[in-house]
Amino acid sequence: MNETLLYTLPQWFIFAAIFVAVYGWMEDKKAFRIIGASIFLILGIFSIYVISGDSLAAGKFLTPNEIASEELADGVVDEVPFQAKLLPAYLSFILAAVLAIPAIILDLKNKKSYRWLIISAGLVSLFGFFIIVGILKYL
């Protein structure tokens, strides 16, 4: 997966979800609230796909020949690869998706307690956003 896509796509998801959820909340439109929470859920599914795929794995940075011949000891770098630094952000997106699932269910059942869950999902995803911004600042 393209490195730029790893940090731009989640940002679009986050702000789309927050915007749609807040609009649905302010205008009292249930469909928009559910769509906003569903975008958090989609972001979590995307995060699981990225983590389980080869996009954040260190396997593409080292070849098996380098590991087997111990050439690694000569060129050990203390720098963590950019993709590996994104892991905490993607874990926070998964947590936001987990919080969005009961928010959707409670909103469908017309329970007011969905608000706390969707606010928590938004805050957790913003935490992941600021992790990405912090990483990009030091590139």
Side-chain angles (χ1 to χ4, degrees):
M1 183 173 289
N2 187 357
E3 185 176 287
T4 307
L5 192 63
L6 286 175
Y7 63 84
T8 56
L9 190 62
Q11 293 175 1
W12 285 101
F13 274 111
I14 291 166
F15 289 109
I18 290 173
F19 177 77
V20 172
V22 168
Y23 174 76
W25 195 352
M26 299 306 274
E27 296 295 324
D28 198 28
K29 297 189 184 240
K30 183 185 227 178
F32 283 98
R33 293 190 309 255
I34 292 173
I35 290 170
S38 298
I39 294 172
F40 284 127
L41 186 60
I42 292 168
L43 177 60
I45 293 169
F46 173 74
S47 297
I48 291 171
Y49 170 76
V50 168
I51 290 173
S52 65
D54 196 28
S55 299
L56 298 180
K60 65 181 183 180
F61 298 109
L62 301 174
T63 63
N65 292 334
E66 289 175 333
I67 296 170
S69 66
E70 295 182 16
E71 293 174 8
L72 182 63
D74 296 335
V76 173
V77 179
D78 291 334
E79 180 78 23
V80 176
F82 172 75
Q83 290 84 355
K85 291 179 184 179
L86 291 175
L87 182 62
Y90 277 89
L91 292 175
S92 71
F93 301 149
I94 293 172
L95 180 60
V98 168
L99 291 169
I101 292 170
I104 293 170
I105 294 169
L106 290 173
D107 198 8
L108 287 172
K109 293 183 176 183
N110 295 323
K111 304 284 184 183
K112 297 290 183 184
S113 56
Y114 78 90
R115 293 178 182 171
W116 294 106
L117 292 168
I118 199 68
I119 289 171
S120 299
L123 290 175
V124 168
S125 65
L126 280 175
F127 175 72
F129 167 77
F130 285 116
I131 289 173
I132 292 173
V133 169
I135 292 167
L136 292 175
K137 187 178 3 175
Y138 294 110
L139 278 183

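These values consider heavy atoms only, across backbone and side chains, with no hydrogens, waters or symmetry-generated copies.
Between Y23 and I35 the shortest side-chain heavy-atom distance does not fall below 4.5 Å. Between L126 and F15, the closest side-chain pair of non-hydrogen atoms falls below 4.5 Å. In this structure the side chain of L99 never reaches within 4.5 angstrom of the side chain of F40, judged on heavy atoms. Put simply, the side chain of D107 does not reach to within 4.5 Å of the side chain of L117, judged on heavy atoms.
Note that the CD atom of Q11 and the CG atom of L43 stand 11.0 Å from one another [nearest 0.5 Å]. The structure places CD1 of I132 at 6.0 Å from CD1 of I14, a figure rounded to the nearest 0.5 Å.
Judged by distance alone, the side chain of Y7 and the main-chain N or O of L86 form no donor-acceptor pair under 3.5 Å.
In the hydrophobic clustering of this structure, L136 groups with L9; members are Ile, Leu, Val, Met, Phe, Trp, Tyr whose side-chain heavy atoms approach within less than 4.5 Å, directly or through other members. L87 and F129 fall within the same hydrophobic cluster, where Ile, Leu, Val, Met, Phe, Trp and Tyr residues are linked whenever their side-chain heavy atoms come under 4.5 Å apart, directly or through other members. When the side chains of ILVMFWY residues are joined at heavy-atom separations under 4.5 Å, either directly or via intervening members, I135 and V50 end up in a single hydrophobic cluster. I101 and I18 sit in two unconnected hydrophobic clusters of ILVMFWY residues. Membership requires side-chain heavy atoms under 4.5 Å apart, directly or through other members. Put simply, V133 and L6 are part of the same group of oily side chains (I, L, V, M, F, W, Y) that touch within less than 4.5 Å, one to the next.
The two residues L5 and P10 have their closest heavy-atom pair at O-CD, 3.8 Å. Nearest heavy-atom pair across S47 and I94 is CB-CG1, 3.7 Å. Nearest heavy atom pair, residue G44 against residue A97, reads CA-CB, 3.5 Å. Taking both residues in full, the closest heavy atoms of F13 and I39 are given as O-CG2, 3.4 Å, listed atom of the first, atom of the second, then distance. When all heavy atoms are compared, the tightest approach of A100 to A121 is N-CB, 4.4 Å. Between S92 and V124, the closest heavy-atom pair is O-CG1, 3.1 Å.
Taking a 6.0 Å sphere around NZ of K30, one finds it holds more than 12 heavy atoms contributed by other residues, nucleotides or ligands.
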Apply side chain to side chain contact (heavy atoms under 4.5 Å, CB included) to I131 and F127, showing your working. CA-CA 6 Å; I131 289 173; F127 175 72; 3.5 Å; yes

Could you give me the CA-CA distance, side-chain angles and deciding distance for Y114 and L108, then say whether side chain to side chain contact (heavy atoms under 4.5 Å, CB included) is met? CA-CA 9 Å; Y114 78 90; L108 287 172; over 6 Å; no

Given salt bridge (charged side-chain N to carboxylate O under 4.0 Å, His left out), test D28 with R33 step by step and report yes or no. CA-CA 8 Å; D28 198 28; R33 293 190 309 255; 3.2 Å; yes

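Relative ring orientation between Y49 and F46 is described as tilted, the plane-to-plane angle lying within the 30° to 60° band.
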